[in-house]
Amino acid sequence: QVQLVESGGGLVQAGGSQRLSCAASGRTFSLLFMAWFRQAPGKEREFVAAISWSGASTFYADSLKARFTISIDNAKNTAYLQMNSLKAEDTAVYYCAARDTIGALTAAREYDYWGQGTQVTVSS
């Protein structure tokens with residue numbers, strides 16, 4: 001089993017930046033990818049970004065790649081999501097996810113492990 005714990009959420013003004021962290025523990029040696037998803041009230045959970053465990057490959061939602069950056073520190077078993085130029089529409093609960101299988105990286109249903117989520121609120 002793998003446990004994921006997010007941190008770094010909170011209230012930020014529009015135009016500001018925020019960095020989320022996701023610490024993984026347990027059977028991390030089996031992981032292939034880590035990712036971030038988000039879910040706004042009344043909306044479906046949507047893919048934000050993913051990164052291979054080695055950090056060699058990254059993938060982004062087209063609408064966010066100009067402002068968001070995913071990274072990973074293998075020594076700390078921690079993935080990060082750097083969010084810049086935040087907008088009110090970025091307000092959501094952000095979830096960290098991880099998987100030990102290969103498949104569609106943007107599909108939430110294919111991820112094996114999830115964090116509890118961290119709220120990001122962008123005030124306009």
Side-chain angles (χ1 to χ4, degrees):
Q1 291 294 318
V2 172
Q3 294 78 42
L4 304 175
V5 179
E6 301 104 332
S7 61
L11 178 65
V12 62
Q13 288 189 334
S17 299
Q18 198 155 25
R19 189 178 79 158
L20 305 181
S21 301
C22 175
S25 60
R27 296 173 57 90
T28 58
F29 60 85
S30 69
L31 296 179
L32 295 179
F33 294 95
M34 294 189 73
W36 290 94
F37 288 77
R38 69 184 185 182
Q39 189 166 18
K43 295 187 177 181
E44 294 187 354
R45 192 167 297 189
E46 67 170 337
F47 172 77
V48 174
I51 187 167
S52 59
W53 184 254
S54 68
S57 300
T58 56
F59 309 86
Y60 294 92
D62 287 341
S63 62
L64 299 175
K65 63 189 305 179
R67 300 186 293 119
F68 289 15
T69 302
I70 190 171
S71 61
I72 191 166
D73 184 336
N74 293 120
K76 296 181 179 180
N77 288 340
T78 299
Y80 303 94
L81 182 68
Q82 177 67 42
M83 305 183 291
N84 298 327
S85 302
L86 285 164
K87 306 174 182 179
E89 51 262 43
D90 294 318
T91 295
V93 177
Y94 285 72
Y95 295 93
C96 176
R99 60 190 295 167
D100 50 20
T101 56
I102 296 176
L105 292 177
T106 62
R109 66 182 182 276
E110 296 201 13
Y111 282 79
D112 305 295
Y113 309 103
W114 290 87
Q116 80 286 356
T118 185
Q119 176 71 46
V120 173
T121 302
V122 183
S123 63
S124 57

Residue pairs passing the disulfide (SG to SG under 2.5 Å) test with at least one member in residues 67-107, sequence neighbours excluded, are Cys22-Cys96

Please check if Tyr111 and Val93 belong to a single hydrophobic cluster, counting links between Ile, Leu, Val, Met, Phe, Trp and Tyr side chain heavy atoms closer than 4.5 Å. yes

Is there a path of hydrophobic side-chain contacts, each under 4.5 Å between heavy atoms of I, L, V, M, F, W or Y residues, that connects Val48 with Ile70? yes

Tightest non-hydrogen contact, residues Tyr95 and Gly117, listed as CD2-CA, 3.6 Å

Would you say that Glu110 contacts Thr101 through its side chain, given a criterion of any heavy-atom pair below 4.5 Å between the two side chains? no

Should Tyr80 and Met83 be counted in the same cluster of Ile, Leu, Val, Met, Phe, Trp and Tyr side chains packed under 4.5 Å apart? no

Looking only at heavy atoms, what is the nearest atom pair of Gly55 and Ile72, with distance? CA-CG2, 3.7 Å

Sequence neighbours excluded, the answer for side chain to side chain contact (heavy atoms under 4.5 Å, CB included) partners of Ala88 is Ser124

Which heavy atom in Arg38 sits nearest to a heavy atom in Ala92, and how many Å separate them? CB-CB, 3.9 Å

Can you name the one residue among Thr118, Val122, Leu86 that meets side-chain contact (heavy atoms from CB on, under 4.5 Å) with Gln18? Leu86

Closest non-hydrogen contact found for Gly9 with Val120 is CA-CG2, 4.1 Å

Leu11 to Ser123 - nearest heavy-atom pair and separation: CD1-CB, 4.2 Å

Sequence neighbours left out, cut at 3.5 Å: what donor-acceptor pairs do the side chains of residues 28-37 make with other protein atoms?
residue	atom	partner	partner atom	Å
Ser30	OG	Arg27	O	2.8

Residues that Tyr113 engages under side-chain hydrogen bond (donor to acceptor under 3.5 Å, both in side chains), provided they are two or more places apart: Asp100

Rounded distance [0.5 Å steps], CG in Asn74 versus OG in Ser54: 7.0 Å

Any chain of hydrophobic side-chain contacts (each under 4.5 Å) joining Leu64 to Ile51? yes

Contacts satisfying salt bridge (charged side-chain N to carboxylate O under 4.0 Å, His left out) that involve residues 58-82 (not counting sequence neighbours) are Arg67-Asp90

Measure the acute angle between the ring planes of Tyr94 and Phe68, then classify it against the limits of 30° and 60° as parallel, tilted or perpendicular. tilted

With sequence neighbours excluded, give me every disulfide (SG to SG under 2.5 Å) pair touching residues 27-63. none

So do Glu46 and Thr106 actually touch side chain to side chain, heavy atoms under 4.5 Å? no

Which heavy atom of Trp114 sits nearest to which heavy atom of Ala108, and what is that distance? CZ2-O, 3.3 Å

